[in-house]
Amino acid sequence: MSNILDQFSLKGKIALVTGASYGIGFAIASALSQAGAKIVFNDVNEENLKKGLAAYKEAGIDAHGYLFDVTNEEAVKEHVAKIENEVGVIDILVNNAGIIQRIPMLETTAADYRKIIDIDLTGPFIMSKAVLPSMIKKGHGKIINICSMMSELGRETVVGYASAKGGLKMLTKNICSEFGEANIQCNGIGPGYIATPQTAPLRERQPDGSRHPFDQFIIAKTPAARWGTPEDLAGAAVFLSSDASNFINGHILYVDGGILAYIGKQP
């Protein structure tokens, strides 16, 4: 019987993490690299791509960066073929690229809404569709969708984001349903509130030194009594990318410090 830790090794695997120039994507890609995977990432912004390549180099990771938009089906097909030719067949796809807008619903235009749906939901569909044929041919593959607590809960000002992330949960289940027999596992990771540049405005100290009201709200709602860090997602990402999770499919693993299990403190 092989050592249990060998099941978590990603040695020889190629992982594509979308939008992984910084933040959660960068932390996940770094963790997959530490587990042995060769890292490929993309960005839609050339400056971010260059910064990402520099950050990986500084971390001692030989990452391959590609400039393309996950919502452009032809560009995705072209670049996935290029990656397969230059790096190898993608074993692990992490659909991390996404955006959020915090706007009240009545102030959200249909164009705003469509943009979020396009990037956060249609993008993962396009990316998954592009890598699946080679995964089927190879006889194995892992797709991880970065979902959200908004895959389960609603909250004011994030109507587009919550709609997209709820849809992403069901896309995850549908890919599992359709391709499980091909030995492809599609699961999701649902981060809680993570301390990243994207959430920095919500954690800024007030002029009197007190916590931002939203920061106070999150601390009170989270049993762990803190924001998560990108590194808190590392173990879940390695697990769902590895052979240790070969019989886990269509599942959303929430890494949220217990917030979804908790009704909150009594006022």
Side-chain angles (χ1 to χ4, degrees), residues 17-19 23-25 27-28 31 94-105 113 116-117 119-121 123-124 128 142-177 185-203 211-242 244-245 247-267:
V17 186
T18 65
I24 286 173
I28 287 174
V94 182
N95 283 312
N96 166 75
I99 61 168
I100 186 171
Q101 287 184 337
R102 296 181 180 89
I103 307 172
M105 181 171 171
Y113 189 83
I116 297 168
I117 297 293
I119 295 170
D120 292 6
L121 180 56
S128 300
K142 301 279 186 176
I143 297 175
I144 300 172
N145 292 323
I146 302 304
C147 295
S148 166
M149 288 188 301
M150 299 300 108
S151 297
E152 301 290 342
L153 301 172
R155 191 172 65 77
E156 62 279 4
T157 78
V158 291
V159 62
Y161 184 79
S163 299
K165 293 299 184 177
L168 189 57
K169 176 183 75 171
M170 294 313 299
L171 176 64
T172 301
K173 291 177 181 291
N174 204 78
I175 292 172
C176 155
S177 302
Q185 291 84 51
C186 182
N187 294 290
I189 294 175
Y193 284 89
I194 306 295
T196 66
Q198 196 177 39
T199 58
L202 302 175
R203 290 177 283 107
R211 289 182 181 272
H212 187 289
F214 191 81
D215 188 12
Q216 294 179 34
F217 168 70
I218 293 306
I219 297 302
K221 282 285 187 181
T222 308
R226 67 174 177 87
W227 288 68
T229 67
E231 290 70 29
D232 284 322
L233 303 168
V238 170
F239 170 57
L240 292 177
S241 297
S242 73
S245 61
F247 203 56
I248 296 171
N249 212 349
H251 177 76
I252 313 299
L253 175 54
Y254 290 98
V255 184
D256 64 355
I259 195 169
L260 283 175
Y262 186 46
I263 197 170
K265 293 178 181 177
Q266 182 178 338

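What you see below is based on every heavy atom in this structure, not just the backbone, and it leaves out hydrogens, waters and symmetry mates. What you are looking at is a predicted structure, and each value in this text was computed from that prediction instead of being measured.
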Is any side-chain heavy atom of [Y] closer than 4.5 Å to one of [X]?
X	Y	answer
Asn249	Cys186	yes
Lys169	Glu152	yes
Val158	Arg102	yes
His251	Ser245	no
Ile99	Asp120	yes
Tyr254	Ser151	yes
Thr222	Tyr193	no

Indicate the atoms forming the closest heavy-atom contact of [X] with [Y], along with that distance.
X	Y	answer
Ile117	Ser163	CD1-CB, 4.0 Å
Asn96	Gly25	ND2-CA, 3.4 Å
Ser148	Tyr161	OG-CE2, 3.5 Å
Ala164	Ile116	CB-O, 4.2 Å
Pro201	Pro197	CD-O, 3.8 Å
Trp227	Ala195	CE3-N, 4.0 Å

Separation of [Y] [atom2] from [X] [atom1] (nearest 0.5 Å):
X	Y	atom1	atom2	answer
Leu240	Leu233	CG	CG	11.0 Å
Ile103	Tyr113	CD1	OH	13.0 Å
Gln185	Ile175	CD	CD1	12.5 Å
Ile194	Ile24	CD1	CD1	5.5 Å
Ile218	Arg226	CD1	CZ	13.5 Å
His212	Thr199	NE2	OG1	11.0 Å

Original post:
Is the closest side-chain donor-acceptor distance between Ser177 and Asn174 under 3.5 Å?
Top reply: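 The criterion, which ignores hydrogens and geometry beyond distance, is not satisfied for Asn174 and Ser177.
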
**OP:** Could you check Asn145, Thr18, Ile146 and say which one makes a side-chain contact (heavy atoms from CB on, under 4.5 Å) with Val94?
**Re:** Ile146

Subject >> Residue of the set Thr172, Asn95, Ile189 for which side-chain contact (heavy atoms from CB on, under 4.5 Å) holds with Cys147 >> reply: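 With Cys147 as partner, side-chain contact (heavy atoms from CB on, under 4.5 Å) holds for just one option, Thr172.
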
Original post:
Are the side chain of Arg203 and the backbone N or O of Phe214 linked by a donor-acceptor pair below 3.5 Å?
Top reply: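 Answer holds: no.
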
Subject >> Side-chain (Lys142) to main-chain (Ser242) donor-acceptor, under 3.5 angstrom >> reply: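 Here the side-chain-to-backbone pair exists.
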
Original post:
After noting the C-alpha distance and the side-chain angles of Asn187 and Leu253, does the key distance pass the side-chain contact (heavy atoms from CB on, under 4.5 Å) rule?
Top reply: CA-CA 8 Å; Asn187 294 290; Leu253 175 54; over 6 Å; no

